[in-house]
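Atoms within a ligand are numbered from 1 in the order they appear, just like the ligands themselves. Since the structure is predicted, the reported quantities are computational estimates derived from the model, not experimental observations.
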Amino acid sequence: MAIKESNALDLLKGTDIIVDGLDTMTARRAVNQASYALKIPYVYAGAIEYYANISTFIPDETGCLYCLVGDMEDNPENTCANVGVSPMLLSLVGAIEVREAVSLATGRQPRLAGKLMHADIDVLGFDTFDIARSDACPVCSAAPSTSSSESDELSITMLCTNSFSISPSKPLALDLESVVTRVETQRLLRRKTSVIIKFASGISVTLMNTGSAVIKGAKDKDEALSVYHTLVSH
Ligand SMILES: [Zn+2]
């Protein structure tokens, strides 16, 4: 049976934890809405080729899937049937999802609550980003708003010394190719949904196409924001 908006509430009612093994964004959107309506934590994962995104959404505590991807539709040319998904990646993603579910079941804080882990087993890269809760989110926001000024706000968090996480309050849809043309003299590592840019100054930026970034090597928040704005202009 396909899970969709019309049956998600009935199918998920009485569930303690939702663990995502779905293959379409349409089904995930229905699960996300039901998760928040029923107050059930939702361990989300999506994987294609060598890349995966994993997060744990907790109603009334963190943002939700809509805060992360908005109205993103499935790309019919970019499905598991067309481009495949590595079995190695699936076992890894499954293990991380179980790890999150066990934390929820045993009362511990899941590591990926309010965060997005992007895994790339082609280069064995694992990056974790903070996910800002969108004040305009129609699913999890108490006071939905369409104010455009709020969507320009950035949240910035120091992860460790000289390392900062920056997230827009609403996911962007960056064209990473046009972003990297502005820094074409620097070293680059391109990925499907992110790019790593190393500046001559020693600062490196991992930038997702949603606008979230981890900036390493900046001396303070101002320098991290300044570097961010050279790549992402609002
Ligand atoms: Zn939301």
### Query
Looking only at side chains, do Y66 and N32 share a donor and an acceptor under 3.5 Å apart?
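On atom types as modelled, these side chains do not qualify, holding no pair under 3.5 Å.
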### Task
Taking the Zn ion (ligand 1) as the centre, count the protein N/O/S atoms lying under 2.8 Å from it.
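Count of protein N, O, S atoms less than 2.8 Å from the Zn ion (ligand 1): 4.
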### Query
Would you say Q109 has more than 12 foreign heavy atoms packed within less than 6.0 Å of its CD?
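Atom CD in Q109 is packed in, count exceeds 12.
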### Task
Could you tell me whether Y51 atom OH has more than 12 heavy atoms of other residues or ligands within 6.0 Å of it?
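Yes - once you tally the heavy atoms of other residues, nucleotides and ligands closer than 6.0 Å, there are more than 12.
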### Query
Less than 4.5 Å apart, any side-chain heavy atom of R28 and any of L65?
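Yes, side chains in contact.
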### Query
Run the side chain to side chain donor-acceptor pair (under 3.5 Å) check on S103 and R99 step by step: do they pass?
CA-CA 6 Å; S103 288; R99 182 357 181 152; 2.5 Å; yes
#### Entry: Results of salt bridge (charged side-chain N to carboxylate O under 4.0 Å, His left out) for D60 - residues two or more places apart only
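Testing D60 for salt bridge (charged side-chain N to carboxylate O under 4.0 Å, His left out), a comparison that skips the adjacent residues, returns K39.
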